[in-house]
Peer 1: 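Have a look at this one.
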Amino acid sequence: MIQFVQFHGRRHQWMGDQRRAEAESGALHPLARAAFAETGDPLLPAQTSGSQRFLRGGLSAPITVTWEITAACNLTCVHCLSSSGKRRPRELTTEQALAVVDELAEMQVFQIHFGGGEPFMYPGIWRVLERCRERDLVMCVSTNGTLITPERAQRLAALEPIYFQVSLDGATPETNDRIRGQDAFRRAMRGLERLAAEGLSLTVNSVLTRYSFPELDRLYAIAGDFGAKLRVTRLRPSGRGRAVWEELHPTREQYRSFVAWLREHPDVLTADSFFHLNAFGERLAGLDMCGAATATCCICPEGEVYPCAFFQTPEFEAGNLHEQSFREIWRHSPVFAFYRQMGAGSCGGCVHYDLCHGGCPATKWFVQRSLQVRDPECVLAGSPVDPLHASPEAPCSSVAMQEDALLRQE
Amino acid sequence: MTMTAHSAGYRYRLLPEVKIRREAFGGILYKYGCADRGTLSFVNSPRLIDLLLLAREQFAGDLSAAIEQQVSSAGAKARLLTALDELRKRGYLEAEVVAGPAPEETAAE
Ligand code: SF4
Ligand code: SF4
């Protein structure tokens, strides 16, 4: 939960950041430059509220770094955000990875969230986790759970405090395995049992789809059986997820019911990923805006750094750890500088902007190749109270939104 | 009249697991784990952040002792104590109730 403690007003280095971003704009990919430009002028400090005021000024380091440490994975989930499967040729060596841990610790990053691929397929994973422990970095590991043996669970227990997220995208083998592959449900449950047997701190991580939505109660019960919390996250159309997003993403009515369900289950975590649903009128707990490039960013297997794990695309590559230090990328990448100064785009006219801040830029980009449009899952699009333009019959789908974008260009 | 750093009735101690980072606007407090709904606060008072860091580095986390030694103005002490009480409510500090202050210490402001 993000909280604010304000004792007196203070101004940010707003204009300095903007000037720097302008100076560095030459290094931006042309598609990224055009996409950022379309979003319009950065908001003035007086137009920002809540977390935005602090984050848009830029932090000295991320709060959490997501680190996709390998692309190797023994499963082939249909919605994998990083299209994982095989190890990639330029993956960081263990020695390079250890140096990155040291650098993140020196920058006072608070938490590293390891994912992949399957982190336990990275040969140096134990040394990397041990180094994080030595450097007092909070570790969180997202795993498919299938490679957790009793011996590994025991070894992990020695690294506490360490947090695990085991993925289950349905409460039944039918629903889960349709997404995550044959037998994935049984093997993930076995991994959960083994981690729970060691008393490790667990969450069951579940991507919300239109098929898993009816199973939320059962997922909640499964998590409870392992002494775990349920963490439900938003499906984004990145990686292989692009091909299945249209089919799998929840309907607006499901989202509406989901908000009510969350209200009844306040202990369910959401990774702050559903803030676009705030526009229904009820503010969900947590960050109410995109934290990419400000509170978080993502390191990918071959050293690429992106604004977030769901924004892995060459246009928005902020730098590469084979060529630059993490610190340099965080402080001087034009992608990050522009990202932090993004305007509100077409959402600038929305009375709910304060609640949803335009939604998820990665989803916008992968669905519509634009950052200036509203979130493709904007809960108000086409509704009788559509804040941007009334079109009651228009469905809330990417197709409708593409038309909307075209109309606006004319 | 004097005002002690625990005149509000508490002796404040920074929890060891809380992480603190300076930022241009002040700093960030973080107490987190992905199994919990963690806490993260942006604090726009560099002075408060300095005090928290000082208490950790030189007073083993004892904020009341840090205030006693470092802050002389009664007004500044009172403001810091109000801020510390806010941080206590947000779960970053523990507070030990101390014996009630002598009557002449209560109305320093
Ligand atoms: S781009 Fe989207 S997925 Fe990435 S941090 Fe922002 S809101 Fe979240
Ligand atoms: S129009 Fe934009 S700001 Fe308004 S609710 Fe939709 S996505 Fe959010």
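Each chain gets a letter, A, B and so on, in the order its sequence line appears, and its residues count up from 1. What's counted below: heavy atoms across the whole structure, side chains too, no hydrogens, waters or symmetry copies.
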Peer 1: Identify, with sequence neighbours excluded, every residue that meets ring pair (Phe, Tyr, Trp, His ring centres under 6.0 Å) alongside A:Phe110.
Peer 2: B:Tyr30
Peer 1: Pick one of side chain, backbone, both or neither for B:Ile28, based on which atoms fall under 4.5 Å of a heavy atom in chain A.
Peer 2: both
Peer 1: Taking the side chain as everything from C-beta on, heavy atoms only, tell me whether B:Lys19 gets closer than 4.5 Å to A:Asp136.
Peer 2: yes
Peer 1: First locate atom CZ of B:Phe42, then atom CD1 of A:Ile63, and finally report the distance between them rounded to the nearest 0.5 Å.
Peer 2: 4.5 Å
Peer 1: Answer whether the closest heavy-atom distance between the side chains of B:Arg21 and A:Ser60 falls below 4.5 Å.
Peer 2: yes
Peer 1: For A:Ala228, which atoms come within 4.5 Å of any heavy atom of chain B: side chain, backbone, both, or neither?
Peer 2: neither
